[in-house]
K.L.:
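This is the structure, below, for whatever I ask next.
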2 protein chains.
Amino acid sequence: MKQTILIVEDEQRLANLHRDYLQQAGFATECLEDGLLVTARVRESLPALILLDLMLPGKDGLDICKEIRKFSAVPIIMVTARVEEIDRLLGLEFGADDYICKPFSPREVVARVKAVLRRSATLQDDSTFLHLDEERYLATLQGQVLDLSAVEFQLLSILAAKPGRILNRDQLMDRIYNDRRIVCDRTIDSHIKKLRRKISAVTPDIEVIHSVYGVGYKYEAP
Amino acid sequence: MKQTILIVEDEQRLANLHRDYLQQAGFATECLEDGLLVTARVRESLPALILLDLMLPGKDGLDICKEIRKFSAVPIIMVTARVEEIDRLLGLEFGADDYICKPFSPREVVARVKAVLRRSATLQDDSTFLHLDEERYLATLQGQVLDLSAVEFQLLSILAAKPGRILNRDQLMDRIYNDRRIVCDRTIDSHIKKLRRKISAVTPDIEVIHSVYGVGYKYEAP
DNA sequence: ACTTGACTTTTACGGCTTTTTACCATGCTA
DNA sequence: TAGCATGGTAAAAAGCCGTAAAAGTCAAGT
């Protein structure tokens with residue numbers, strides 16, 4: 001079963017070059033010439049990696065990247081025309097996994113693709129299990145996005161920050177409501193329940209939020 | 001209290017990149033540009049993890065690693081420029097905890113750092129006969145986990161805090177129920193009994209909770 | 001301003017676990 | 001051996017959790 005690389009590149013000659021080399025290297029390929037349908041295609045064909053040109057007709061590469069990150073953690077390699085771009089991009093947290101600068105040799109592209117795939121393979125079953133982007137309130141579990149409400153996200157953050165450590169309901173409430181609001185502690189249970197439901201929609205067989213009878217809750221990865 | 005990551009990297013741009021991402025991820029950072037002062041720094045600032053470039057001016061990364069291992073078990077992640085290096089390194093027993101190959105995405109580095117830290121945290125000692133982790137309500141006896149209820153855990157903690165010292169039932173109740181609840185003192189006996197049963201499931205031949213006729217109970221390791 | 005819809009909090013209850021109690025058997029000390 | 005302390009057991013009581021549904025809150029859009 002071949003892995004599919006999605007090539008998003010408006011310059012036809014370049015796209016073909018990528019395609020040929022990647023196929024030669026044993027990958028399946030798909031091509032798009034503009035940014036309009038990228039997200040739709042990603043959802044459909046679930047590529048193993050996306051090679052994304054930064055300058056595209058129709059839509060900016062950065063926007064596409066952000067959009068994809070809303071629902072998927074698929075590896076993305078950005079292709080840019082200018083070296084100076086890269087430094088700028090590196091500073092930004094917008095979620096690409098690597099950057100290639102034109103002009104480049106097709107061999108280099110293949111090498112990078114392999115490198116990124118290898119990395120993401122080794123990381124998959126490890127720390128990438130749960131990723132919490134505090135700035136964006138974006139939680140991903142095994143590469144899939146968890147659509148959490150603000151309170152749910154916070155709750156998960158607090159628990160996941162100290163895996164294994166048990167927090168009681170008062171501690172959790174104190175951290176979530178720092179305005180000293182008084183809420184019934186069963187409220188926590190309620191949010192926990194919703195969190196668990198959303199999490200189990202992604203990983204039905206793995207429990208990550210455990211209750212400790214008479215004490216509280218804890219987060220613990222498999 | 002943040003954990004400190006010590007970055008040892010001669011390429012300034014790369015070091016800054018690491019630093020920014022790790023700080024973003026909630027770590028404190030320190031940087032060194034060559035290998036000469038690494039061991040001294042490790043002794044001083046006791047970092048939680050070291051990110052160590054293999055190729056350094058002044059001293060070889062491997063040597064540094066070995067040197068550190070003589071006095072510390074701090075987690076070390078080696079950074080190397082070439083994939084082939086890794087295979088070679090993996091064969092050698094020199095004590096790094098993980099390897100990262102250039103080029104890499106800063107996100108990956110953060111992920112690896114977290115993964116290694118998590119692993120080393122869970123590997124923490126099972127050398128002591130009885131270990132009580134108050135934070136996670138986790139009691140281990142000779143490396144085996146005792147599945148205790150909240151009260152049982154407290155009871156064992158109180159007794160084990162003063163080995164050999166005899167505590168009567170009132171003292172024990174006072175410490176367990178600081179809300180001045182009045183309970184029958186036979187309740188203690190009941191919990192003691194359950195504790196003993198769970199403990200003897202792990203170490204059938206060793207009695208650690210002793211009753212002192214007419215006085216109370218004490219904990220005493222073999 | 002009103003409606004609407006999404007999110008949060010409260011409340012109630014069944015089922016389950018732990019804690020407590022009661023009671024009898026056994027063991028210790030004088 | 002008498003008298004009290006402790007151990008074992010089981011059943012009652014208390015407390016806790018998961019769940020669902022009702023009630024409240026808030027902000028966006030009309």
Side-chain angles (χ1 to χ4, degrees), chain A residues 70 136-139 145-159 166-201 204 206-220, chain B residues 137-139 146-159 166-201 204 207-220:
Chain A
K70 283 183 189 157
R136 258 178 284 259
Y137 273 53
L138 183 70
V145 170
L146 292 173
D147 184 25
L148 305 182
S149 77
V151 173
E152 286 155 14
F153 184 89
Q154 274 194 78
L155 195 50
L156 184 56
S157 297
I158 295 167
L159 288 169
I166 304 160
L167 294 162
N168 66 38
R169 292 174 176 70
D170 284 334
Q171 292 171 315
L172 292 170
M173 281 190 294
D174 283 352
R175 306 248 333 241
I176 294 175
Y177 312 102
N178 37 21
D179 52 358
R180 301 239 156 268
R181 233 183 323 162
I182 300 161
V183 294
C184 163
D185 64 353
R186 309 307 310 284
T187 298
I188 298 297
D189 300 32
S190 196
H191 291 299
I192 291 283
K193 180 201 158 202
K194 288 184 206 163
L195 253 183
R196 292 215 251 231
R197 182 161 57 203
K198 289 179 182 178
I199 289 173
S200 73
I206 306 172
E207 288 282 351
V208 294
I209 297 181
H210 306 263
S211 24
V212 181
Y213 198 96
V215 188
Y217 294 100
K218 69 174 173 180
Y219 168 91
E220 205 145 41
Chain B
Y137 277 78
L138 186 69
L146 291 174
D147 184 26
L148 305 182
S149 78
V151 173
E152 286 155 15
F153 184 88
Q154 273 194 80
L155 194 51
L156 184 57
S157 296
I158 295 166
L159 289 169
I166 305 161
L167 293 162
N168 67 37
R169 292 174 176 71
D170 284 334
Q171 291 170 316
L172 292 170
M173 281 191 293
D174 283 352
R175 305 252 331 245
I176 293 175
Y177 311 103
N178 37 22
D179 53 357
R180 303 236 155 269
R181 238 150 97 211
I182 299 161
V183 294
C184 160
D185 64 353
R186 306 304 311 284
T187 298
I188 298 296
D189 300 32
S190 190
H191 291 301
I192 291 284
K193 178 202 147 207
K194 288 187 204 160
L195 254 182
R196 291 214 251 232
R197 182 161 58 201
K198 288 180 181 177
I199 289 172
S200 73
E207 287 283 350
V208 293
I209 296 181
H210 306 265
S211 25
V212 182
Y213 196 93
V215 188
Y217 296 100
K218 68 173 175 181
Y219 168 91
E220 206 147 39

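The sequence lines fix the lettering, A, B, ..., with proteins before strands; numbering per chain opens at 1.
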K.L.:
Identify, residue by residue, the members of residues 187-194 of chain A with a heavy atom below 4.0 Å from DNA chain C, and return them in order of residue number, or none.
P.N.:
A/Thr187, A/Ser190, A/His191, A/Lys194
K.L.:
Not counting sequence neighbours, which residues clear ring-ring contact (aromatic ring centres under 6.0 Å, His included) with A/Tyr217? List them please.
P.N.:
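For A/Tyr217 there are no ring-ring contact (aromatic ring centres under 6.0 Å, His included) partners, ignoring immediate neighbours.
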K.L.:
Over the length of the helix from C/dA1-D/dT30 to C/dA30-D/dT1, how much do the five-pair end axes diverge, rounded to 10 degrees?
P.N.:
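Nearest ten degrees gives 40° for this helix.
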K.L.:
Measure the distance from CG on B/Asp185 to P on C/dT19 and round it to the nearest whole Å.
P.N.:
17 Å
K.L.:
Minimum heavy-atom separation for B/Phe153 and B/Tyr137, please, with both atom names.
P.N.:
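Nearest pair, atom of B/Phe153 first, then B/Tyr137: CE1-C, 3.6 Å.
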K.L.:
Would you tabulate the pairs of protein nitrogen or oxygen atoms and nucleotide nitrogen or oxygen atoms of nucleotides 28-30 of chain C closer than 3.5 angstrom?
P.N.:
residue: C/dC28; atom: O2; partner: B/Tyr213; partner atom: OH; Å: 3.3

K.L.:
Base, sugar-phosphate or nothing for B/Arg169? Non-hydrogen atoms, less than 4.0 Å.
P.N.:
sugar-phosphate
K.L.:
Step by step, would you call A/Asn168 with A/Val212 a side chain to side chain contact (heavy atoms under 4.5 Å, CB included)?
P.N.:
CA-CA 9 Å; A/Asn168 66 38; A/Val212 181; over 6 Å; no
K.L.:
Under 4.0 Å, counting only non-hydrogen atoms across every strand here, what does A/Arg196 touch: a base, just sugar-phosphate, or nothing?
P.N.:
sugar-phosphate
K.L.:
What is the separation between atom CG on B/Leu195 and atom P on C/dT18, rounded to the nearest whole Å?
P.N.:
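Rounded to whole Å, this separation is 13 Å.
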K.L.:
What range of DNA chain D does chain A touch, first nucleotide to last, counting atoms under 4.0 Å from its heavy atoms?
P.N.:
D/dG15 to D/dA20
K.L.:
Applying salt bridge (Lys or Arg N to Asp or Glu O under 4.0 Å), can you list everything that pairs with B/Glu220, at least two apart in sequence or on another chain?
P.N.:
B/Lys218
K.L.:
Using whole Å, what does the distance between atom P of nucleotide C/dC13 and atom CZ of A/Arg186 come to?
P.N.:
13 Å
K.L.:
How close do B/Ala139 and B/Leu148 get, counting heavy atoms only, and between which atoms?
P.N.:
CB-CD1, 3.9 Å
K.L.:
Could you state the atom-to-atom distance from CD of A/Glu152 to P of C/dC7 in whole Å?
P.N.:
8 Å
K.L.:
Could you grab the distance from atom CG of A/Leu172 to atom CG of A/Asp185, nearest 0.5 Å is fine?
P.N.:
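One gets 10.5 Å once the value is rounded to the nearest 0.5 Å.
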K.L.:
What distance separates A/Leu155 CG from A/Ile176 CD1, expressed to the nearest 0.5 Å?
P.N.:
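The CD1 atom of A/Ile176 is 4.5 Å from CG of A/Leu155, to the nearest 0.5 Å.
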K.L.:
Among A/Thr187, A/Asp174, A/Asp189, which residue satisfies the side chain to side chain donor-acceptor pair (under 3.5 Å) criterion with A/Arg169?
P.N.:
A/Asp189
K.L.:
Quick check for you: to the nearest 0.5 Å, what is the distance between B/Lys193 atom NZ and B/Arg196 atom CZ?
P.N.:
11.0 Å
K.L.:
Could you tell me whether B/Cys184 contacts a base, only the sugar-phosphate backbone, or nothing, with contacts defined as non-hydrogen atoms closer than 4.0 Å?
P.N.:
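Answer is sugar-phosphate: B/Cys184 comes under 4.0 Å of backbone atoms only.
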K.L.:
Within a 6.0 Å radius of atom CG on A/Asp147, are there more than 12 heavy atoms belonging to other residues, nucleotides or ligands?
P.N.:
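Incorrect, the count does not exceed 12.
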K.L.:
Say you draw a straight line from NE2 of A/His191 to CD1 of A/Ile209; how long is it, rounded to the nearest 0.5 Å?
P.N.:
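Going from the NE2 atom of A/His191 to the CD1 atom of A/Ile209 covers 12.5 Å.
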K.L.:
How long is the gap from NZ on A/Lys194 to CD on A/Glu152, to the nearest 0.5 Å?
P.N.:
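So the gap between those two atoms works out to 6.0 Å.
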K.L.:
Rounded to whole Å, how long is the line connecting atom CE of B/Met173 with atom C1' of C/dT19?
P.N.:
14 Å
K.L.:
To the closest 0.5 Å, what do you measure between CD1 (A/Ile188) and CD (A/Gln171)?
P.N.:
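Reported value, rounded in 0.5 Å steps: 11.0 Å.
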K.L.:
In whole angstrom, what separates B/Lys198's NZ from C/dT17's C1'?
P.N.:
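B/Lys198 atom NZ is separated from C/dT17 atom C1' by 11 Å.
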